[in-house]
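What follows is a set of notes on a single structure, which appears directly below.
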Amino acid sequence: MSSTAPSTSTSSTPSSSSSSGGSGRSRFVIGIVGKPSAGKSSFLNAITDALAKTGAFPFTTIAPNHGVAYYRLPCPCARFGLQSQCRPRYGSCQNGTRHVPVEILDVAGLVPGASAGLGLGNQFLDDLRTADALVHVVDVSGTTDAAGKATVGYDPVNDIDWLTSEVHAWVFNNLTKNWGGLVRRHTMLKASPIETLHKQLSGYGCPQSMVAKAFDACPKSLRDKPLETWDQETDVKDFVTVFLKTRFPTVVALNKIDLPDADTNIEKLDRKYGQSQELVLCSALAESFLRKLAKQGFIRYTEDSDEVVTHDDDAKLKPMDEKTAARLEKVRDLVLFRYGTSGVHQVLARAVEVLGLVPVFPVKNIHNFTTGAAKAVFRDCLLVPPHTRVRAFAAMVHPELDRNYQYAETVGGRMMGEADEITLDINIISIKTSES
Ligand SMILES: Nc1nc2c(ncn2[C@@H]2O[C@H](COP(=O)(O)OP(=O)(O)OP(=O)(O)O)[C@@H](O)[C@H]2O)c(=O)[nH]1
Ligand SMILES: [Mg+2]
């Protein structure tokens, strides 16, 4: 990721080397998992400008596909009546709605037994090591079996469980592949369980604090048990279950809601998981279709809404042939009318929300919200982890801001302490340095 070098004084230019807050372009990665043909690549294409290959047969994707999606949130420029001056460095601002880039990563399909080598195995899950959260795409239409082959009347109710257990096996196998050696080292070094577990799990791109958080979330009986006496089949497995929740918060996207059996399956899945999982309904194909028609000038479509304008409403739009018009009518009836939207942007929004990310707007001048000489306001927006403190945020924006840190102010010139946590309410910040 590239970034512009900051001025030596206050700057909102994000750092490309930031380790925890990320660059203003896209630091957070959402990984897409699911069985073959669930619609993972279709989801990527629907929400980004990627053109990943899709197909009604398993293992269309083998090498991972990347794309950049845009998380939407109210931009402060609207609150201050500065929309005309709002020019984001990355992403965009449309009528006061900020579009913040988030990277999406689509990997190969996973089948039951993948951890024992079935399908493509689960080695490709290693591609997900950079992901911060996961979207599990489930084919809710019942038209593909567990291996992703075309069928009718398949019951997807167990798809969430077996996929979760394959991801579990991926982490468990890595953690226990040399458990004897790990325990010997642990005893020899008199290390804490968190240090030892972190060492073995560091390949998952997690700081020790995340392992500590997972460890703290384990039952007391497990925390009190010396690591060298942990039973692999029970204790280690339980720890991995908790670790996965911390390391890979997951949203389940119930995809293909445009197909006939979706309703019944949605009900079943909701009954089983409604309380315990984040379930969001979507149709990747409907969204791609609507975007394509809009790009070709047949419709005006407001993404994330049910607003579709056609030639019948506005003669400036191209008229559609009968087949396309019939397909559009179907998408309107089966998706937009029934669910309000295609749902793909809700999936992204939930993924950002399960991570608890807070949007922060660093500015040089806290009174007019500009950065540098230009009149442009709110140039940057960073999504930062929950409970990020002001000083840590300065380091995320640029190491220079941390090195030369003096103080921070928010709207109205109100001072902020360096240990203050950034919240959704106080998220416009100017860092002053000794060079300012
Ligand atoms: N009706 C309908 N079909 C969809 C939807 N999303 C995807 N599909 C179709 O499902 C098939 C599989 O889609 P892909 O996106 O290739 O699935 P995948 O999960 O990436 O599959 P692999 O790469 O093989 O793991 C394609 O024929 C898509 O057109 C949807 O929302 N509705
Ligand atoms: Mg694919």
Side-chain angles (χ1 to χ4, degrees), residues 30-48 50-67 69 104-114 118-125 127-128 134-154 156 159-160 162-163 166-167 252-263 265-266 269 279-293 303 326-336 338-348:
I30 313 278
I32 310 180
V33 290
K35 72 182 184 184
S37 296
K40 300 179 294 297
S41 303
S42 303
F43 179 83
L44 173 85
N45 292 344
I47 204 154
T48 71
L51 295 169
K53 194 170 166 203
T54 64
F57 43 84
F59 304 117
T60 306
T61 304
I62 295 179
N65 298 304
H66 297 254
I104 311 286
L105 179 64
D106 158 44
V107 301
L110 199 64
V111 298
L118 291 185
L120 296 180
N122 68 1
Q123 287 314 300
F124 65 86
L125 278 173
D127 294 331
L128 292 171
L134 301 181
V135 167
H136 176 188
V137 177
V138 172
D139 176 349
V140 82
S141 71
T143 57
T144 51
D145 66 14
K149 295 205 187 81
T151 185
V152 281
Y154 172 79
D159 284 4
I160 297 178
W162 71 249
L163 189 123
E166 293 301 337
V167 175
V252 179
L254 302 182
N255 188 36
K256 308 196 190 180
I257 55 171
D258 53 300
L259 291 178
D261 284 344
D263 273 3
N265 293 328
I266 290 166
L269 284 154
L279 304 178
V280 187
L281 309 180
C282 71
S283 172
L285 202 63
E287 179 70 12
S288 293
F289 175 64
L290 292 165
R291 283 182 62 191
K292 191 168 149 205
L293 287 188
E303 285 175 19
R327 198 172 159 207
L328 174 62
E329 221 29 60
K330 234 170 144 186
V331 165
R332 279 175 133 171
D333 277 0
L334 296 174
V335 180
L336 301 183
R338 299 175 76 183
Y339 301 105
T341 76
S342 75
V344 296
H345 286 282
Q346 267 96 329
V347 174
L348 176 67

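We count ligands from 1, going down the list as the structure has it; atoms in each ligand are counted the same way.
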Nearest non-hydrogen atom to atom 12 (C) of ligand 1 belongs to which of G34, A52, G55, C282? G55
Test log, rule side chain to side chain contact (heavy atoms under 4.5 Å, CB included), inputs L110 and L163: CA-CA 7 Å; L110 199 64; L163 189 123; 4.0 Å; yes
Among protein heavy atoms, which sits nearest to atom 3 (N) of ligand 1, and what does the distance come to when rounded to 0.1 Å? L285 CD2, 3.5 Å
With heavy-atom distances below 4.0 Å as the criterion, list the atoms of ligand 1 near T60. 22 (P), 23 (O), 24 (O)
For the NE2 atom of H136 and the CG atom of N255, what is their distance to the nearest 0.5 Å? 11.0 Å
In the structure I gave you, are the side-chain heavy atoms of I47 and H345 within less than 4.5 Å of one another anywhere? yes
F43 vs V344, side chain to side chain contact (heavy atoms under 4.5 Å, CB included): CA-CA, chis, key distance, verdict: CA-CA 7 Å; F43 179 83; V344 296; 3.8 Å; yes
Minimum-distance protein heavy atom relative to atom 21 (O) of ligand 1: S37 N, 2.8 Å
Assess F43 for proximity to ligand 1: is some non-hydrogen atom of it under 4.0 Å away? no
In terms of atom number and element, which parts of ligand 1 are under 4.0 angstrom from non-hydrogen atoms of F57? 24 (O)
Identity and separation of the nearest protein heavy atom to atom 17 (O) of ligand 1: G39 N, 3.1 Å
At the 4.0 Å heavy-atom cut-off, does A286 count as touching ligand 1? no
Short list, please: which atoms of ligand 1 are under 4.0 Å from a heavy atom of S283? 30 (C), 31 (O), 32 (N)
Rounded to the nearest 0.5 Å, what separates atom OG in S342 from atom CG in D258? 10.5 Å
Of all protein heavy atoms, the one nearest atom 25 (O) of ligand 1 is K40 NZ, 2.8 Å
Working to the nearest 0.5 Å, report the span between CG of N65 and NZ of K53. 11.0 Å
Which ligand 1 atoms, with their elements, are less than 4.0 angstrom from a heavy-atom of A38? 17 (O), 19 (O)
What's the separation between atom OG1 in T341 and atom CG in L336, rounded to the nearest 0.5 Å? 7.5 Å
Taking NZ, NE, NH1 and NH2 as the nitrogens, is one of them in K256 or D139 under 4.0 Å from a carboxylate oxygen of the other? yes
Mind checking whether A284 has an N or O less than 3.5 Å away from an N or O of ligand 1? yes
Walk me through it: do Y154 and N265 pass the test side chain to side chain contact (heavy atoms under 4.5 Å, CB included)? CA-CA 9 Å; Y154 172 79; N265 293 328; over 6 Å; no
Under a 4.0 angstrom heavy-atom cut-off, which atoms of ligand 1 come close to F59? 24 (O)
Looking at the Mg ion (ligand 2), is there an N, O or S atom belonging to T54 that lies under 2.8 Å away from it? no
Around atom 13 (O) of ligand 1, find the nearest protein heavy atom and jot down its residue, atom name and distance. S42 OG, 3.5 Å
Atoms of ligand 1 close to G109 [distance to a heavy atom under 4.0 angstrom, numbered from 1]: 25 (O)
Can you tell which of L259, V111, N255, L334 gets a heavy atom nearest to atom 6 (N) of ligand 1? N255
Identify the residue among T61, V107, T60 that makes a side-chain contact (heavy atoms from CB on, under 4.5 Å) with S41. T61
The reported gap from CG in N45 to OG1 in T54 (rounded to nearest 0.5 angstrom) is 6.5 Å
Look at the side chain of K35 and the backbone N and O of P58, then say whether any donor-acceptor pair between them is shorter than 3.5 Å. no
Using a 4.0 Å heavy-atom cut-off, say whether D258 meets ligand 1 through its side chain, its backbone, both or neither. side chain
Is there any N or O on S41 that sits under 3.5 Å from an N or O of ligand 1? yes
The answer for which part of P58 has a heavy atom under 4.0 Å from ligand 1 is backbone
T61 near the Mg ion (ligand 2) via N/O/S, less than 2.8 Å: yes
Geometric N/O contact K256 with ligand 1, under 3.5 angstrom: yes
First locate atom CZ of F289, then atom NZ of K330, and finally report the distance between them rounded to the nearest 0.5 Å. 10.5 Å
Apply the test side chain to side chain contact (heavy atoms under 4.5 Å, CB included) to residues V137 and V347: give CA-CA distance (whole Å), side-chain angles for both, the deciding distance (0.1 Å), then the verdict. CA-CA 10 Å; V137 177; V347 174; over 6 Å; no
Can a non-hydrogen atom of K35 be found less than 4.0 Å from any atom of ligand 1? yes
